[in-house]
Amino acid sequence: MPTLKIDGQEITVDRGTTILQAAAQLGVQIPTFCYHPGLSIAANCRMCLVDTNKAPKPLPACHAQVMDGMEVWTNNEKVQRTRKAVLEFILLNHPVDCPICDQAGECVLQDHYFKYSAQPSRLFHRKRHKAKAKILGPNVILDAERCILCTRCVRFCDEVAKSSQLTVVNRGEKSEITTFPGKQLDNPYAANTVDICPVGALTSRDFRFRTRVWMLSTERGVCPECSRGCSIRVDTFENTVRRYKPVHNPKVNDWWMCDAGRASFRGYLEDRVEGPTIVADGKRRAVATAKAVEDAAKAIQAAGGHGKVALVASPWLTNEDAYVLGRLVTGALAGVKVYMGGRAAGAGDDILIQPDKNPNRKGVDAIFAALGVKAADLSSFDAKGIETVFVFGDNHDASPATLEALAAVPWRIVAGTKMGPWWQLATTFLPLRLHWEKDGTYTNFDGVVQRIRRAVKAAPTCKSEGWYAMKLAQSFGDALAFDAPADIFAAVAGSVPEFAGLAWSDLGDHGLRFGEGSVPAGADAASAEPQMEATT
Amino acid sequence: MATIQVTRGELSLAEKLYIPEVMRGVAITTRQLVKNVFGRKDIATRQYPDVKKPYPERFRGRHRLTWRDDGSVRCVACMLCSTACPANCIHIVAGDKGDNTVEKYPVSFEIDLLVCVYCGFCEEACPCDAIRMDSGKHPMPSFSRDKQRIRKVQLLEEGQPSTSHPGGLGN
């Protein structure tokens, strides 16, 4: 166990630790470009050079391992001079077109320049010109002039995406990143190269020129496109989602997410329906929320017995909504037939993408099992004897035969988000909130319970599934009432064995795995965050 | 609150009699009238719509967008003006020009003059000398709010080529 001194602070670390890791343990920041904790170490940008007593020249902190008795200076005059020289070298042919560069505002080169260099260019030649706006693949566009050749993207393709599509060609100042001949940067994780690019060389084609990044507001969320549930940042501007970005979560997705998930938010922005409607006398008309809920309750009553009512739940429900729905079908509406919808299984891989394309099947299944709700698959739906059907969510891949069977039911209540077959099916339509418009939790395939947070303010007519379930229960005389998702989560933790010990306030940014809870069973929800937006 | 005591002088007998003072006032007005009608030399009043006061050189008037030498818009839609704008009145939608020398251009560029506070931060922020407030025109009234949202075409109609050089004088 070598002991060393970094900027005068002594620390003992394991053999093989790099200077950068040891400094990070002490809270000393060393600037880097090419170093990424999820990739192999290249030590080619030289930004992390530090002065040591063990070598006459500065050493790259990301690569050099600590030695016993080593003394490291991360910010002495020599290091400052070195950093300035490194930045001047890196910026020599950089176009400095920050005003039109999408990376500006989240650019490591910009930050480092202002912090460590801030000197004008001394170059009086013409700058070297390279490929501009070169399309590398369906999601990524390259500006080779901005590139600092840190090779993070090359290493990502080789090591994480296992596709080896990128390489560096030519030598010296003519070096540039490009794809191998005849290849495109089209692997399913290609857009991660945009995230890890420290400068504006690789930028997203989807986000290109859409919004300046400093105008974005951001909130943590979970990508719902598969049961992996990658931790994401939902970036919004003017109350509209502009992009998803993956966030580091060692329990779920490390630093990455797939391109399909990243692009998925557009689908939710299209054809959104934000108002409740009912069909009366063959005509669809807009009504107030209270009237629509009343109409739904009437339809259930008109069925004449709970045995004639079918309810379609969804693995898209949050744990909280699933719990309220479970309480509804075991309490006020005991005896209704419950079906489980959801998206059909698709392709998966051994990196991140899961075959189950629903975000919360594990959580909903666990909660329904604990509450004693038996849900049959939606494909087995039988309209015989059913008078009223209540469909929660419109993310169901139903076969035409199932849709036909559903259409044969006289009263059809659908809670959904957008125009489509489910909206057309509805005799009563209740608008739902999207996953970025509500607070709650999702449980991924691995049993990691993660928070989703409200990034966008929904139209006041849009409510969560749990809210409708609660209103229905109340209209049938059940005193089912919760104030906030945190309260429901406390109830889930108290009654579902898988969730035992999990507390809303402990979920944090990385979530908690089943069994990782620390709260003894039966503790109340007093510790829950009070500022959470109410479900009501 | 401060109170100021004003002491007024005693009125003389002529003033107290009232009529002579009125006559004196009418005489002044008549003299001015005759001066205005027959000799228009030293009139204090400006004949406004016909004679306008020249604005000072640094007057910040209605915005204009400058042109490149080929007549296209100089703005590269970097949004620095809308970022600097304290009134949040500049709305730009950027697009890809598909031209590697320019890349970015404003698909739409709108300024809401009813919201604008004419502070000039936008021209200060502009790295391209693309937006200027030196048109010398002040905002005009209109019958609808929508007319006060001036758009790219109107801004360009006000404009003219910029005198600055892209990339500095050396290029």
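Note on naming: letters A, B, ... go to the chains in the order of the sequence lines (proteins, then strands), and numbering restarts at 1 for each one.
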Query - By ring-ring contact (aromatic ring centres under 6.0 Å, His included) - contacts of A/Tyr244 (at least two apart) - result: A/Phe265
Report summary line: Taking every heavy atom of A/Pro99 against every heavy atom of B/Cys78, the minimum-distance pair comes out as O-CB, 2.8 Å
Report task. Please look at B/Val93 and chain A and tell me whether the side chain, the backbone, both or neither of the residue comes under 4.5 angstrom of a heavy atom of that chain. Result -> neither
**Report entry** Exceeds 12 heavy-atom contacts within 6.0 angstrom, atom CG of A/Asn170
**Finding:** yes
Query raised in the report: So, do B/Met79 and A/Thr211 sit near enough that their side-chain heavy atoms are less than 4.5 Å apart?
Result: no
Query raised in the report: What residues form a side-chain contact (heavy atoms from CB on, under 4.5 Å) with B/Asp96, not counting sequence neighbours?
Result: A/Arg208, A/Phe209
Report summary line: Closest non-hydrogen contact found for A/Ile100 with B/Val102 is CD1-O, 3.7 Å
Report task. Evaluate whether atom CD of A/Gln29 has more than 12 neighbouring non-hydrogen atoms of other residues, nucleotides or ligands under 6.0 angstrom away. Result -> no
